[in-house]
Amino acid sequence: MALRVYNTLSGEKEIFVPLIPDKVGMYVCGVTVYDYCHIGHARAGVVFDIIFRYLKYSGYDVTYVRNYTDIDDKIINRANQEGTDYRTIADRYIQAFDEDMALLGLAKPTVEPKATDHISGIVSIIEALVAKGHAYASEGDVYFAVETFPDYLKLSGRNLEEMQAGARVEVGDRKRHPMDFALWKGSKPGEPWWQSPWGNGRPGWHIECSAMSMEFLGKTFDIHGGGKDLVFPHHENEIAQSEGANGCQFVRYWLHNGFVNINAEKMSKSLGNFFTIREVLKKYDPETLRFFILSAHYRSPIDFSDHNLDEAQSALERIYSCLAALDDILNGKPHSAEIAVIENLSQVGQELQEKVDQFIPRFVDAMDDDFNATQALGVLFETVRSTNRFMAETKEITPLSLSLIAHVRHLFVEAGTVLGLFTTTPAVWLEGIKAAKVGQIDLTPDEIEQLITERTEARAARNFKRGDEIRDLLMAKGIQLFDSAQGTTWDVK
RNA sequence: GGCGCGUUAUCCAAGAGGCUAGGAGCCGGUCUGCAAAACCGUUAACGUCGGUUCGAAUCCGACACGCGCCUCCA
């Protein structure tokens, strides 16, 4: 099965055929750097990270461009508030963005251009648009004339008349048509500016993406991504600018990720119901957040809540626990990942062998179907169950069972490179989760160990009453004990 | 007002005409001094009303409810 992607332009899943065989050009709208990123940005980042990773995994040579919008009204406002210049603000939040995305384990895009480094490209496109009659200068501004571009609104499936009926359109007296949008804004006193044929000013928001994508990917390229809220007006305007200037198709496949909701409502600054990535990572592990994002299809809305994050963590712990158990078995033992004789396996072993054989085909099928990571995770969990069953049954480790286990371990690494998971040594990851939980409990690990020692002594003396008291006391504080032949260990519930 | 999306068991969530999704949980069992963890088994669903079909969560229509975009937004 070939890769199929949902294209906003057609409203359907289409078979993905790149412009140039084996190569993919992909542009994703980054952020306007005027504040810390919230979970919505994390989702967009992770979604397109997975798409990037999967395309590479599928053998494509991918050029992935993700921009920084480092000049904009919001950045200027912020700079004025703080009594500093726009560059200081932009650089501060570019650094913060990079830190956040690195924590979330995002692979670096091929290029991360800044709008202010592409002013000359922006000016060239505007000049071409003016020359072709798609744009006009007006009192130091330059506007795109939407009525000159018949395909306008083809992405969002609207039409100009209906849009105006909706009314909330500002009629500026500098514009010929109320829907015309700014390509270039004449600078007001005190604002940063660049020279242009229309006087000193700065670019409008939409034009920078047209300029940077053309610079690195050419006039026509394969994939353009972003959040659903960018469909109109941002992406619609990009199409108008690029196709108006170049006279050819701009983007072949438009991909849009769904929102992060809080209580079924969109997370947004105006509602005040947003969480920054930094806040969330104080409480949850980055892979937990990533797993949470992967637990719903990328186009669906996803509801952000402590309960859902907790569930994501439990689910991820299930996989990591299995991997840690595998590592325990494999540790220090020589093994080959080649399976020799299947007939020697028990029924449980044969079932696992089947899961192992089907693993990559099923994983690829899921991801080929519009990057259905949620379904792909189902494949991992089924394999976890089979693996647990096999380990529970296997008393004696033979070279054959060892190689089967090694094979399973390798498959999780392979899936992990696509999903951006399992980058940490399982035992270390589990320890980290435990430590984070301990931090929320009013007992130190030393105190817990002391109580466990006391309980072990009581139990050795067959004083189970005292032993159970200690266990109940710890349980009340959220500490679970595990008795085994090797002794007692503990974890935080 | 225009355009679009969604409604799957206790919760989260895939699936898109006939094939056990998955996770968390509930309830049994193995194990254990008793537990826990782990494992095994089990349970349960497709918003409502019609239609198409041998067969519908899946296709079509109506309705209800929820949400998004139309303004800067990922």
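Throughout, protein chains are lettered first and strands after them, A, B, ... in sequence-line order, and every chain is numbered starting at 1. Small disclaimer: the values here were computed from a predicted structure and weren't measured.
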Q. Going by distance alone, is a donor N or O of one side chain under 3.5 Å from an acceptor N or O of the other, for A:His256 and A:His235?
A. yes
**Q.** Ring centre gap for A:Tyr27 and A:Phe216 strictly below 6.0 Å
**A.** no
Q) When we call it a touch if two heavy atoms are under 4.0 Å apart, what does A:Asn372 touch: a base, just sugar-phosphate, or nothing? A) sugar-phosphate
(Q) Any base atoms under 4.0 Å from A:Glu382, or only sugar-phosphate, or nothing? Heavy atoms, all strands. (A) sugar-phosphate
Q.
Heavy atoms from C-beta onward define the side chain here; which of B:rC11, B:rA13, B:rA74 lies closest to that of A:Thr374?
A. B:rA13
Q) Checking all strands, does A:Leu230 fall into the base, sugar-phosphate, or nothing category for heavy-atom contacts under 4.0 angstrom? A) sugar-phosphate
Q) Considering Watson-Crick and G-U wobble pairs with both distances under 3.5 Å, what does B:rU53 pair with? A) none
Q.
Students often get this wrong, so: under 4.0 angstrom with heavy atoms, is A:His256 touching a base, only sugar-phosphate, or nothing?
A. nothing
Q) Touch check for A:Ser300, heavy atoms < 4.0 angstrom, all strands: base, sugar-phosphate only, or nothing? A) sugar-phosphate
**Q.** Residue matched to B:rG33 through Watson-Crick or wobble contacts both under 3.5 angstrom
**A.** none
Q) How close or far is atom P of B:rA74 from atom CD of A:Glu238, stated in whole angstroms? A) 13 Å
**Q.** Per A:Lys74 side chain, nearest of listed nucleotides B:rA14, B:rC39, B:rC72
**A.** B:rC72
(Q) Between A:Glu99 and A:Arg278, does any side-chain N to carboxylate O distance fall below 4.0 Å? (A) yes
Q. Watson-Crick or G-U wobble partner for B:rU71, using a 3.5 Å limit on both distances?
A. none
Q.
My understanding is that a pair needs two contacts under 3.5 Å, Watson-Crick or G-U wobble. By that rule, which nucleotide pairs with B:rC46?
A. none
**Q.** Under-4.0 Å salt bridge between A:Arg202 and A:Asp72
**A.** no
Q: Would you indicate, yes or no, if B:rC39 has its OP1 or OP2 atom less than 4.0 angstrom from a side-chain nitrogen or oxygen of A:Arg318?
A: yes
**Q.** Nucleotide of B:rC40, B:rA35, B:rA74 approaching A:Asp483 most closely (side-chain heavy atoms)
**A.** B:rA35
Q) Once you round it to whole Å, what is the distance between P of B:rA24 and CG of A:Leu316? A) 11 Å
Q) A:Ala44 has a side chain; which of B:rA74, B:rC72, B:rG33 sits nearest to it? A) B:rA74
Q. In whole angstrom, what separates A:Arg290's CZ from B:rG23's P?
A. 22 Å
Q.
Check A:Arg455 with A:Glu469, please: is the shortest side-chain N to carboxylate O separation under 4.0 Å?
A. no
Q.
Taking any heavy-atom pair under 4.0 Å as a contact, classify A:Arg78: base, sugar-phosphate, or nothing.
A. nothing
Q) Among side-chain atoms of A:Glu14 and A:Ser10, is any donor-acceptor pair under 3.5 angstrom? A) yes
Q. When we call it a touch if two heavy atoms are under 4.0 Å apart, what does A:Asn308 touch: a base, just sugar-phosphate, or nothing?
A. sugar-phosphate
Q.
I'd like to know if A:Arg389 reaches the base of B:rC40 with its side chain, counting only an N/O donor and acceptor under 3.5 Å.
A. no
Q: Would you indicate which nucleotide in B:rA37, B:rA21, B:rC40 comes nearest to any side-chain atom of A:Phe482?
A: B:rA37
Q) Does A:Asn261 put a side-chain nitrogen or oxygen below 4.0 Å from OP1 or OP2 of B:rC67? A) no
Q. Do the side chain of A:Asp468 and the base of B:rG33 come within less than 3.5 angstrom through a donor-acceptor pair of N or O atoms?
A. yes
(Q) Counting the atoms with a prime plus P, OP1 and OP2 as sugar-phosphate, which does A:Phe464 contact under 4.0 Å by heavy atoms, base, sugar-phosphate, or nothing? (A) base
Q.
Taking any heavy-atom pair under 4.0 Å as a contact, classify A:Arg43: base, sugar-phosphate, or nothing.
A. nothing
Q. Would the A:Phe181 and A:His206 ring centres measure less than 6.0 Å apart?
A. yes
Q. Just checking A:Phe259: base, sugar-phosphate only, or nothing, at a heavy-atom cut-off of under 4.0 Å?
A. base
Q.
I want to verify the glycosidic state of B:rA37; is it syn or anti under the 90° rule?
A. anti
Q) Is A:Lys266 salt-bridged to A:Asp229, going by a charged N under 4.0 Å from an acidic O? A) yes
Q. Just how far, in rounded Å, is C1' of B:rA38 from CG of A:Leu326?
A. 14 Å
Q: Report yes if at least one side-chain N or O of A:Arg385 is closer than 4.0 Å to OP1 or OP2 of B:rG22; otherwise report no.
A: yes
**Q.** Gap between atoms CG and P, on A:Asp73 and B:rC72 respectively (whole Å)
**A.** 10 Å
Q: If B:rC27 has a Watson-Crick or G-U wobble mate with both distances under 3.5 Å, name it; if not, just say none.
A: B:rG41
Q | Nearest-nucleotide pick for A:Ala315, side chain only, options being B:rA14, B:rG23, B:rA74 | A | B:rG23
Q) What's the closest nucleotide to the A:Ala392 side chain, out of B:rC70, B:rC39, B:rA13? A) B:rC39
Q. Within the structure, does a side-chain N or O atom of A:Lys465 lie under 4.0 Å from either OP1 or OP2 of B:rG33?
A. no
Q.
Of the listed nucleotides (B:rA74, B:rA24, B:rA14), which one gets closest to any side-chain atom of A:Asn257?
A. B:rA74
Q) Of all the nucleotides listed (B:rA74, B:rA38, B:rG2), which has the minimum atom distance to the side chain of A:Asn388? A) B:rA38
(Q) Does either side chain, that of A:Gln375 or that of A:Asp369, offer a donor lying less than 3.5 Å from an acceptor on the other one? (A) no
Q: Just call it for A:His234: base, sugar-phosphate, or nothing, with non-hydrogen atoms closer than 4.0 Å on any strand.
A: nothing
Q. Base, sugar-phosphate, or nothing: which does A:Gln480 touch, judged by heavy atoms less than 4.0 Å apart?
A. sugar-phosphate
(Q) Checking base pairs now: Watson-Crick or wobble, both atom distances under 3.5 Å. What partners B:rU7? (A) B:rA64
Q. So what does A:Gly258 touch, heavy atoms closer than 4.0 Å: a base, only the sugar-phosphate, or nothing?
A. base
Q: Please work out if A:Met475 contacts a base, only the sugar-phosphate, or nothing of the nucleic acid, heavy-atom cut-off 4.0 Å.
A: nothing
